[in-house]
Amino acid sequence: MSNVDLDELRGWLHESGEVGIKYFNKGTGRRKADASWVTEADLTIEHMLTQHLAARYPEYGILGEEQVRQGLDREFIWALDPIDGTASFVAGLPIWGISLGLLRHGTPYFGLLYFPMMGDWYWAEAGGAAFLNNESIHVSTADEWDSESWISVPSDIHRRFDIDFIGKVRNLGSTAASICYAARGSAVGSLFTHASIWDVAAALTVLYAAGGVAITLSGDKIDTAKMIASGACKDPILAGAPKHVASLRPHIAVRPRI
């Protein structure tokens, strides 16, 4: 068991969600050097949570999306995304959330995610069960797919991928949410790209606890410890139930760049 106080962390994320709601639909963001969005809500929430975490867990490292890099050589490292789905947040779309993951020796160990506009909480601990709003969740156990089955995909799927799938594809606008929907068995799979450790640390903990797996499209395991140093996984990642990931992978191809 991890030495964290779930109720205390939920209080901090709820407070962060109130900050996000205050800024939602009330302003615009700016582009960072990598062309991704950042808003005042991102900066305010990251600062607020960093203050809480550093005071309560001084022996842990913290890695935030926007600014914080401290103690990255420690056994435990918090990986924090203050607004996962910032582009959706800026566009006035409701699927965005606060993601707080704890890594131990670089491996997902604990995860807590809060999506304020939907009131959804996800959490899990390595070796335990995964939860959505106090109910345990599990990846899809369906034996077959039909036209109503769906997978979550990147927003630029039409430019980057060829997919042969009988069901539907949906873009949720949040990497963390896309993984969580696979973890809860709603989506049969989740395909995402340009994943940074703060995007996935919490959600992968939930996915693994729900019986899921995540691998690159080339079939390699995800090295989250390496992502702490590099910041991102360059290869597309596919997540879901083991049997669905194995079945889907041959039907998804990266388009060659012209």
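Residue indices begin at 1 and follow the sequence shown.
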So how far is it from Cys180 SG to Ile137 CD1, rounded to the nearest 0.5 Å? 6.5 Å
Has the side chain of Lys243 got a donor or acceptor atom that lies under 3.5 Å from a matching backbone atom of Thr141? yes
Taken to the nearest 0.5 Å, the spacing of Leu63 CG from Thr50 OG1 works out to 10.0 Å
Give the table of side-chain donor-acceptor pairs shorter than 3.5 Å for residues 87-108, with sequence neighbours excluded, one pair per line with atom names and distance.
from	atom 1	to	atom 2	distance (Å)
Arg104	NE	Glu75	OE2	2.6
Arg104	NH2	Glu75	OE2	2.8

Value rounded to 0.5 Å, distance of CG in Asn171 from CD1 in Ile157: 9.0 Å
Give the minimum heavy-atom separation between Ala195 and Val200, together with the two atoms involved. CB-CG1, 3.9 Å
Does Arg184 qualify as a cation-pi partner of Tyr181, given the criterion of NZ or CZ under 6.0 Å from the six-membered ring centre and within 45 degrees of its axis? yes
Hphob cluster co-occupancy, Ile62 + Leu9, side-chain heavy atoms under 4.5 angstrom: yes
For Val153 and Phe161, run side chain to side chain contact (heavy atoms under 4.5 Å, CB included): C-alpha distance rounded to whole Å, both residues' side-chain angles, the deciding distance at 0.1 Å, then the answer. CA-CA 10 Å; Val153 297; Phe161 295 93; over 6 Å; no
Rounded to the nearest 0.5 Å, what separates atom OH in Tyr122 from atom CG in Asn133? 7.5 Å
Can you name the closest pair of heavy atoms from Arg249 and Gly219 and give their distance? NH1-N, 3.5 Å
Determine whether His251 and Ile163 make a side-chain contact, defined as any pair of heavy atoms from C-beta on separated by less than 4.5 Å. no
Is there a donor-acceptor pair under 3.5 Å between the side chain of Trp150 and the backbone N or O of Ser186? yes
Within the side chain of Asp84, is there an N or O that forms a donor-acceptor pair under 3.5 Å with the backbone of Thr175? yes
CG of Asp5 to CZ of Arg10, rounded to nearest 0.5 Å, is 11.5 Å
Of all heavy-atom pairs linking Gly17 and Pro116, the shortest is CA-CG, 3.7 Å
Supply the atom-to-atom distance Phe165 CZ to Leu191 CG, rounded to the nearest 0.5 angstrom. 11.5 Å
Looking at Ala142, is its backbone amide N or carbonyl O close enough to the side chain of Ser140 to form a donor-acceptor pair, meaning the two atoms are under 3.5 Å apart? yes
Please lay out, stage by stage, how Val139 and His244 fare under the test side chain to side chain contact (heavy atoms under 4.5 Å, CB included). CA-CA 10 Å; Val139 292; His244 294 331; over 6 Å; no
Is it true that Phe131 and Val4 fall in one hydrophobic cluster, defined by side-chain heavy atoms closer than 4.5 Å? yes
Under 3.5 Å donor-acceptor, Ser149 side chain and Asp146 backbone: yes
Is atom NE2 of His47 surrounded by more than 12 heavy atoms (other residues, nucleotides or ligands) closer than 6.0 Å? no
Do you know which two heavy atoms are closest between Ile45 and Gly20, and how far apart they sit? CD1-N, 4.0 Å
Heavy-atom check, side chain of Glu46 versus side chain of Ile83, under 4.5 Å: no
Can the positive tip of Arg56 be found less than 6.0 Å from the middle of the six-membered ring of Trp12, inside 45° of the ring normal? no
Once ring-ring contact (aromatic ring centres under 6.0 Å, His included) is applied, do any residues pair with Tyr57, and if so which ones, sequence neighbours excluded? Tyr60, Trp78
If hydrophobic clusters are built by linking Ile, Leu, Val, Met, Phe, Trp and Tyr wherever their side-chain heavy atoms come under 4.5 Å apart, do Leu53 and Tyr109 end up in the same one? yes
According to a 4.5 Å side-chain heavy-atom criterion applied to Ile, Leu, Val, Met, Phe, Trp and Tyr, with indirect links allowed, do Met48 and Leu113 form part of one hydrophobic cluster? no
Side chains of Ser218 and Asp235: is there a donor and an acceptor less than 3.5 Å apart? no
Looking at every heavy atom in both Glu148 and Lys168, which two are closest together, and how far apart are they? OE1-NZ, 3.1 Å
According to a 4.5 Å side-chain heavy-atom criterion applied to Ile, Leu, Val, Met, Phe, Trp and Tyr, with indirect links allowed, do Ile252 and Leu207 form part of one hydrophobic cluster? no
Heavy atoms of other groups near Glu135 CD, more than 12 under 6.0 Å: no
Determine whether Leu49 and Leu13 make a side-chain contact, defined as any pair of heavy atoms from C-beta on separated by less than 4.5 Å. yes
Locate the shortest heavy-atom distance separating Leu72 from Ile77; write the atom from each residue and the value. O-CD1, 3.3 Å
For the pair Leu112 and Trp121, evaluate side chain to side chain contact (heavy atoms under 4.5 Å, CB included) and give the outcome as yes or no after the intermediate values. CA-CA 7 Å; Leu112 177 64; Trp121 290 89; 3.8 Å; yes
Side chain to side chain contact (heavy atoms under 4.5 Å, CB included) between Thr86 and Thr39, worked out: CA-CA 8 Å; Thr86 304; Thr39 69; 3.8 Å; yes
